[in-house]
Protein chains: 2
Amino acid sequence: MSSTRSRKKTPPPAACTDAPAPATEAVDTSLLRTLVGYNARRASLSVIGLFMERMAVYGLKVVEFSVLSLVAHNPGITSRQLCATLNVLPPNMVGLIAALERRGLIERRPHPSDGRAMGVHLTPEGAALTAQAEQTAAQLEQDATARLTATERKTLIRLLQKVYD
Amino acid sequence: MSSTRSRKKTPPPAACTDAPAPATEAVDTSLLRTLVGYNARRASLSVIGLFMERMAVYGLKVVEFSVLSLVAHNPGITSRQLCATLNVLPPNMVGLIAALERRGLIERRPHPSDGRAMGVHLTPEGAALTAQAEQTAAQLEQDATARLTATERKTLIRLLQKVYD
DNA sequence: TATTGTTATACTCTATAACTATA
DNA sequence: TATAGTTATAGAGTATAACAATA
C-alpha cells in the first residue's frame with residue numbers, strides 16, 4: 001500500500017517558484033482513455049483501493065469480505081459455489097476458508113444431501129462482523145463515488161452489469 | 001487461461017434429461033451487486049480477459065500493449081512517466097521495457113536534457129505492431145461491449161472516468 | 001465416470017530495500 | 001538533498017496436476 005498505486009497524484013499547486021517543475025510532464029493518454037477495459041480497470045483499482053483500506057480495520061481482505069457476505073446471505077453455501085461466484089479456483093479457496101474458520105468467523109458442517117460437500121455457515125461472531133463490514137461497505141460506496149449523483153451511480157452499475165452478465 | 005476465470009458460464013441448454021441438473025444452485029449475490037467496486041472489478045475482468053486473448057496474437061500482454069501505445073503517442077517518454085501513468089512500480093517496469101527492447105519493438109536513447117533518464121521510442125517494427133494492435137483494440141471494444149448501445153458505451157466511459165479522475 | 005475438496009507446487013504480479021549516477 | 005533507473009528479493013495472487021472420498 002504505497003508509492004505508485006492508487007494515490008491521487010497531487011502535483012503541488014505550482015506556487016510560482018523558479019523551479020522548472022519537473023513534476024510529471026503531461027502524458028497523452030487519449031487513446032487508452034477510449035478503451036472500456038482501461039477505464040474499468042482504473043476505476044476498479046480506485047474503488048477497491050479504498051475498499052481495502054476500510055476493510056483492513058476488520059482485518060479483512062476484499063475477497064474475504066465477499067466470502068463472508070455471500071455466506072451471510074446463502075447459509076450452507078458450498079466451497080464450490082463460492083469459487084464459481086467469486087472466480088476463485090478451488091485450491092485457492094481452501095486457505096481462504098481455513099483462515100476465516102481459524103478466526104472463528106465461519107464454520108463448516110457436513111452438507112445435508114451431499115456427503116462430499118461441506119456447507120459453510122457464519123458463527124455469531126462472524127455474523128456480527130459481517131453486518132458491521134457490510135455497513136462500512138455501504139458508506140464506502142458513497143465516498144468512493146462522491147463525484148457521481150445517485151442517478152449516475154445507478155446508471156454506472158446497470159451498464160457495468162450489462163457488460164459482464 | 002482456463003477453468004473458472006472469465007468464462008461465460010454456459011450451463012448446457014438443459015435438454016430436459018432426467019438428470020436433476022446439479023449445475024450451480026442459484027446463489028444470492030444481490031448485496032455484492034449493489035457495490036460499484038464489485039461490479040467494476042467483474043466488468044474489467046470480463047473486458048480485460050478478452051483483451052488478453054486478442055493481444056496474445058501479437059505476443060503482447062495487456063500492460064505491454066499499454067506501454068507501446070503510450071510510447072507511440074509520447075515519443076521519448078521516460079520510464080518514470082510510464083510508471084506513473086500505468087501504476088507500475090519502477091522495479092517492475094525494468095523487465096517490461098527490457099523485454100520489449102529485446103524483441104526490437106522499442107529502443108531507448110539518452111534523454112536530451114536529463115542525463116539520468118532514457119527516452120523510449122518505437123522502432124519501425126514496434127510502430128507497425130502497435131498500429132495493428134491498436135486497431136485490434138478498437139474492434140475489441142465493440143465486441144466486449146456488444147450489449148451496450150453507442151450512447152451507453154460513451155456514458156459508461158464518462159462515469160468511470162468521473163470515479164477515478 | 002464425474003464432482004467436491006484437498007495437497008503440493010509453479011508461475012506471475014506486486015512490493016520493498018538498497019545501490020549508482022546524475023541533477 | 002532529491003530523482004531516474006536499476007538489482008535483488010520478498011510476498012501475494014493465480015495457475016495446473018494429481019489424489020481421496022463420494023455421487
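In what follows, chains carry the letters A, B, and so on, assigned in the order in which the sequence lines appear, proteins first and then strands, with residues in each chain numbered from 1.
Distance B/Leu96 CG to D/dG5 C1': 14 Å, rounded to the nearest Å. The nearest whole Å value for the distance from the CD1 atom in A/Ile97 to the P atom in C/dG5 is 8 Å. Between the CE atom of B/Met52 and the C1' atom of C/dT12 there is a distance of 10 Å, given to the nearest Å. Per the geometry, CZ belonging to B/Arg80 stands 14 Å off P belonging to D/dT6, to the nearest Å. Straight-line distance from the CE atom of B/Met118 to the P atom of C/dA21: 15 Å, rounded to whole Å. Computed from coordinates, the B/Leu89 CG to D/dG11 C1' distance equals 13 Å when rounded to whole Å.
Not counting sequence neighbours, the partners of A/Glu125 by the side chain to side chain donor-acceptor pair (under 3.5 Å) test are A/Thr123. With sequence neighbours excluded, the residues that form a salt bridge (Lys or Arg N to Asp or Glu O under 4.0 Å) with A/Lys162 are B/Glu152. The side chain to side chain contact (heavy atoms under 4.5 Å, CB included) test applied to B/Ser30 returns B/Asp28, not counting sequence neighbours. Residues passing the salt bridge (Lys or Arg N to Asp or Glu O under 4.0 Å) test with B/Glu107 are B/Arg109, sequence neighbours excluded.
Contact detail for B/Asn39 and B/Arg33: the closest heavy-atom pair is ND2-O, 2.9 Å. Contact record, A/Leu60 with A/Ala133: CD1-CB, 4.3 Å, taken as the closest heavy-atom pair.
With distances taken from any side-chain atom of B/Thr78 to the nucleotides D/dG5, D/dT6, C/dT6, the minimum falls on D/dG5.
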Canonical and wobble pairing (Watson-Crick, G-U, under 3.5 Å) of DNA chain D, dot-bracket with |: |||||||||||||||||||||||
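Projected onto DNA chain C by closest heavy-atom contact, A/Gly119 and A/Asn92 fall at different nucleotides, the more 5' of which corresponds to A/Gly119. Ranked by how close their nearest DNA chain D nucleotide is to the 5' end, B/Pro91 and B/Ala117 are led by B/Ala117.
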Taking distance alone, no hydrogens or angles, what donor-acceptor pairs closer than 3.5 Å link side-chain atoms of residues 94-106 of chain B to residues at least two apart or in another chain?
{"residue": "B/Glu101", "atom": "OE1", "partner": "B/Arg108", "partner atom": "NE", "Å": "3.4"}
{"residue": "B/Arg103", "atom": "NH1", "partner": "B/Gly59", "partner atom": "O", "Å": "2.8"}
{"residue": "B/Arg103", "atom": "NH2", "partner": "B/Tyr58", "partner atom": "O", "Å": "3.0"}

Just distance, no hydrogens or angles: give the donor-acceptor pairs under 3.5 Å from side chains in residues 61-69 of chain A, sequence neighbours left out.
{"residue": "A/Glu64", "atom": "OE1", "partner": "A/Lys61", "partner atom": "N", "Å": "2.8"}
{"residue": "A/Ser66", "atom": "OG", "partner": "A/Val62", "partner atom": "O", "Å": "3.2"}
{"residue": "A/Ser69", "atom": "OG", "partner": "A/Glu134", "partner atom": "OE2", "Å": "2.8"}

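Of the residues in residues 106-116 of chain A, A/Arg108, A/Arg116 come within less than 4.0 Å of DNA chain C through at least one heavy atom, sorted by number. Scanning residues 59-67 of chain A for heavy-atom distances under 4.0 Å to DNA chain D yields A/Lys61.
Within the structure, ring-ring contact (aromatic ring centres under 6.0 Å, His included) pairs that include any residue of residues 108-157 of chain A do not occur (at least two apart or interchain). Sorted by first and then second residue, the salt bridge (Lys or Arg N to Asp or Glu O under 4.0 Å) pairs involving residues 114-124 of chain B (not counting sequence neighbours) are B/Asp114-B/Arg116. Here ring-ring contact (aromatic ring centres under 6.0 Å, His included) pairs that include residues 129-151 of chain A, with residues two or more places apart or in two chains, number zero.
No engagement by B/Met93 is indicated, since no non-hydrogen atom pair under 4.0 Å with the nucleic acid exists.
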